[in-house]
Amino acid sequence: MDQPVIEIRDLHKSYGALEVLKGVDITAPTGHVVSLIGSSGSGKSTLLRCANLLEDSQQGDVIFCGEPVLWKGSGLNRHPADKAQMIRIRTNLSMVFQQFNLWAHMTILQNVMEAPVTVLGRDKAEVEDKARGYLAKVGIGDKCDVYPAQLSGGQQQRAAIARALCMEPKALLFDEPTSALDPELEQEVVKVIKALAEEGRTMLIVTHDMRLAHDVSDHVVFLHQGRIEEEGAPGELFGNPKSERLRGFLSATVPA
């Protein structure tokens, strides 16, 4: 079997005295989609940010394509030891945020091209070709020259996905990609995520959308108060939940 893209082992994360993650293990094998579900405050988004090294964890291992992140210090003073390693890993894990995070002063095409050109130093003409291709792929190829404010929320999120794809990462990380959207715009974005899953892209998705988690995931992880309460294949997890907490969570979030 291929080396997993992301492995997290016994991860602990605190903000001061508040322990948010209490020893979590996650594996995202190549070509698999892993969804993280759970109530607000369960640690889902924090886990995603620790995987991407946007947050420092206090204990445990983060392993990217078989390469462990090197740390210095301990506890609340633990930080990545090798800045070059951190940048290399982060550029291979593209994150799509809840609030799109597009640059308002740049056209959609410029937004998608910016990181590959400035961070990776890729050839501008080559990146432009790819960027136009990815914008077409997410269904907004005709919006290259407009600014974010001229797009709907669903179109802005699809532009953010095109921007993530243009980095040609090893994995895509989605942090509640549809929660800022109206239901009809949400479906535009869900369709794109489903298409990416069908292509066999490695993805880690934090979502409140149980149908999305059910339809696209190879593996679903239910977090409760910083621990994994239950995990498994989506059919099993949603169809036959074993823990009382998961049953309660699903009955509150899944429409009858």
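Not measured: the values here are computed from a predicted model.
The only option from Asn92, Leu120, Val112 that meets the side chain to side chain contact (heavy atoms under 4.5 Å, CB included) definition with Met167 turns out to be Leu120.
Inter-residue side-chain proximity for Leu165 and Leu196 is flagged as met; some heavy-atom pair is nearer than 4.5 Å. Contact check for Ile37 versus Phe249: side-chain heavy atoms found under the 4.5 Å cut-off. For the pair Pro169/Leu93, no side-chain contact is recorded, criterion being any heavy-atom separation below 4.5 Å from C-beta on. Side-chain contact between His12 and Leu21 is absent, with no heavy-atom pair separated by less than 4.5 Å. You'll find the side chain of Pro29 stays beyond 4.5 Å of the side chain of Thr202, heavy atoms only. Looking only at side-chain heavy atoms (C-beta outward), Arg9 and Asp25 come within less than 4.5 Å of each other.
When atom types are taken as modelled, the side chain of Arg132 and the backbone of Cys144 share no donor-acceptor pair closer than 3.5 angstrom. For Gln110 (side chain) and Thr107 (main-chain N/O), a donor-acceptor pair under 3.5 Å exists by modelled atom type. Using modelled atom types, no side-chain atom of Gln58 and backbone atom of Arg78 make a donor-acceptor pair closer than 3.5 Å. Within the 3.5 Å criterion, the main-chain N or O of Val33 finds a donor-acceptor partner in the side chain of Asp218.
For Lys13 and Tyr15, the positive end sits near the middle of the six-membered ring, less than 6.0 Å away and at most 45° from its axis.
Here the shortest heavy-atom pairing between Ala164 and Val96 reads CB-CG2, 3.7 Å. Closest approach of Ala159 and Ile140 over heavy atoms only: N-CD1, 3.6 Å. Glu229 approaches Arg245 most closely through the heavy-atom pair OE1-NH1, 2.9 Å. Among all heavy-atom pairs drawn from Thr253 and Met210, the shortest one is OG1-CG, 3.8 Å.
Under a cut-off of 6.0 angstrom, the local environment of NZ in Lys191 is sparse, with at most 12 non-hydrogen atoms contributed by other residues, nucleotides or ligands. Heavy-atom contacts from other residues, nucleotides or ligands closer than 6.0 Å to NZ of Lys170 number 12 or fewer.
A donor-acceptor contact closer than 3.5 angstrom links the side chains of Tyr134 and Glu168.
From Glu114, atom CD reaches atom SG of Cys166 across 11.5 Å, with rounding to the nearest 0.5 Å.
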- Message: Val69 vs Met86, test: side chain to side chain contact (heavy atoms under 4.5 Å, CB included). Steps then yes/no.
- Response: CA-CA 8 Å; Val69 172; Met86 181 179 80; over 6 Å; no
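The hydrophobic cluster containing Leu250 also contains Val220, counting ILVMFWY residues as joined when their side-chain heavy atoms lie under 4.5 angstrom apart, directly or transitively.
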